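A quick write-up on the structure given underneath.
All of these numbers come straight from a predicted model, not from anything done at the bench. Residue numbers count from 1 along this sequence. FYI, side chains are in, hydrogens and waters are out, and symmetry mates aren't considered; it's all heavy atoms of this structure.
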Amino acid sequence: MEKTDLERRLLITRQAINQRVKEIALEISSDYKGKEPVLIGVLNGVVFFFADLARELSIPMTLDFVRAASYGSEMISSGTVRLTKDVEIPIEGKPVILIEDIIDTGLTLDHVVGLLRERNPESVKICTLIDKPERREKTVSIDYCGFKIEKGYLVGYGLDQNQKYRNLPDIYILE
Ligand code: 5GP
């Protein structure tokens, strides 16, 4: 069933997002002092978080993106994940930070991390704006997390519903 605008409730304000992004960037800048990590974003939902986070880092970095498609409906991950866009820069021997918008079942992340590890990076750490553990199927160890949300479907700040609402500056929950 398509949800309407009336069923959207403000959950995380742009101010709270901004504050948390700055805190995570400080933490990453400190952890990677003297290094030059490769930030890899998982498209499309990550774009705003990625852009904001990257600009707050005080260390040198390079960036690239992957796009993962999961078969099944928009709101429920089916478990079958494939990459429709791969990284284009070499990551062998480099410290990689994988940046996600939201980790739900963990299936997407598990698949992407597996593929990245095959290329022998120095390390792979995980950074997500939102950790939603309720439907977790794969155990994933998250190194940097913006917000932990128990359940619900979120839109805004990159997160979509049928490709809409990505440009909302705040995060809403569909009820
Ligand atoms: P997972 O494979 O962890 O189940 O799903 C990860 C992907 O599913 C996210 O990158 C995101 O695209 C989508 N997803 C999971 N939960 C939500 C949600 O609450 N809102 C939106 N907009 N997308 C979600």
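Side-chain contact check for D31 and Y144: at least one donor-acceptor pair (N or O, by modelled atom type) lies under 3.5 Å. If you check the side chains of Q15 and Q19, you find no donor sitting under 3.5 Å from an acceptor.
A salt bridge between R119 and D86 is present, with a side-chain N of the basic residue lying under 4.0 Å from a carboxylate O of the acidic one. By the 4.0 Å N-to-carboxylate-O rule, K22 lies too far from D52 to be salt-bridged with it. One finds no salt bridge joining K94 and E36 here, because no Lys/Arg side-chain nitrogen approaches an Asp/Glu carboxylate oxygen to under 4.0 Å.
No donor-acceptor distance shorter than 3.5 angstrom exists from the side chain of R166 to the backbone of V47, with no hydrogens or angles considered. For D64 (side chain) and E88 (main-chain N/O), a donor-acceptor pair under 3.5 Å exists by modelled atom type. No donor-acceptor distance shorter than 3.5 angstrom exists from the side chain of K85 to the backbone of A68, with no hydrogens or angles considered. In terms of modelled atom types and a separation under 3.5 Å, the side chain of R8 and the main chain of I173 share no donor-acceptor contact. Formation of a donor-acceptor pair under 3.5 Å by the S29 side chain with backbone atoms of A25 is found in this model. Put simply, the side chain of D170 gets close to the backbone of R14: a donor and an acceptor are under 3.5 Å apart.
Residues V96 and I91 share a closest heavy-atom pair of CG2-CB, 4.0 Å. Heavy-atom minimum distance, E175 versus R9: OE2-NE, 2.7 Å. A pairwise comparison of heavy atoms in P37 and P60 identifies CD-O, 3.4 Å as the closest pair. Summarising the geometry of E122 relative to K35, their closest heavy-atom pair is OE2-NZ, 2.6 Å, with the distance given to 0.1 Å. Between F50 and G41 the shortest heavy-atom distance is CE1-N, 3.4 Å.
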Pair V38-I89, side chain to side chain contact (heavy atoms under 4.5 Å, CB included): steps then yes or no
CA-CA 9 Å; V38 185; I89 59 174; 3.6 Å; yes
Kindly determine whether Q161 and L174 satisfy side chain to side chain contact (heavy atoms under 4.5 Å, CB included), including the steps that lead there.
CA-CA 9 Å; Q161 183 201 14; L174 298 185; 3.7 Å; yes
Show, in sequence, the C-alpha distance, side-chain angles and deciding distance for C145 and L129, and conclude whether the side chain to side chain contact (heavy atoms under 4.5 Å, CB included) test is met.
CA-CA 6 Å; C145 171; L129 176 66; over 6 Å; no
Check step by step if side chain to side chain contact (heavy atoms under 4.5 Å, CB included) holds for L116 and I40.
CA-CA 10 Å; L116 295 180; I40 298 178; 4.1 Å; yes
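Taking the side chain as every heavy atom from C-beta outward, Y157 and P169 never approach each other to under 4.5 Å. With contacts defined as side-chain heavy-atom distances shorter than 4.5 Å, the pair D143/C127 does not qualify. Two residues are said to be in side-chain contact when any heavy atoms from C-beta on lie closer than 4.5 Å; I103 and R136 meet this criterion. Side-chain contact between I102 and I149: absent, with no pair of heavy atoms (C-beta onward) separated by less than 4.5 Å. A 4.5 Å side-chain heavy-atom check between S141 and I126 finds every atom pair outside the cut-off. With a 4.5 Å cut-off on side-chain heavy atoms, I171 and V155 do not count as touching. Using a 4.5 Å heavy-atom threshold, the side chains of P121 and E92 count as separate. Side-chain atoms of N18 and T13, non-hydrogen and from C-beta on, never get closer than 4.5 Å to each other.
At a threshold of 4.5 Å between side-chain heavy atoms, the hydrophobic network of Ile, Leu, Val, Met, Phe, Trp and Tyr places V46 and L39 in one connected group. Under the 4.5 Å side-chain heavy-atom criterion for ILVMFWY residues, a single connected hydrophobic cluster contains both I28 and L63. Connection of M61 to Y32 is established within a shared hydrophobic cluster, with ILVMFWY side chains joined at heavy-atom distances below 4.5 Å, either directly or through further cluster members. Clustering ILVMFWY residues whenever any of their side-chain heavy atoms sit less than 4.5 angstrom apart, transitively, puts L109 in a cluster other than the one holding L107. Hydrophobic clustering of Ile, Leu, Val, Met, Phe, Trp and Tyr side chains at less than 4.5 Å, counting indirect connections, keeps L11 apart from Y153.
The distance from the CG atom of N44 to the CG atom of D101 is 9.0 Å, given to the nearest 0.5 Å. Between atom CG of residue L26 and atom CG of residue L57 there is a gap of 9.5 Å, rounded to the nearest 0.5 Å. Here the CD1 atom belonging to I142 is positioned 6.0 Å from the OG1 atom belonging to T128, to the nearest 0.5 angstrom. L43 CG to R67 CZ: the interatomic distance, rounded to the nearest 0.5 Å, is 5.0 Å. Here CG of D104 is found 15.0 Å from NZ of K138. Values are rounded to the nearest 0.5 Å. Rounding to the nearest 0.5 Å places CD1 of I130 at 7.5 Å from CZ of F147.
For the pair R20 and F49, the cation does not sit on the ring face, since its NZ or CZ is not both under 6.0 Å from the ring centre and inside 45° of the axis.
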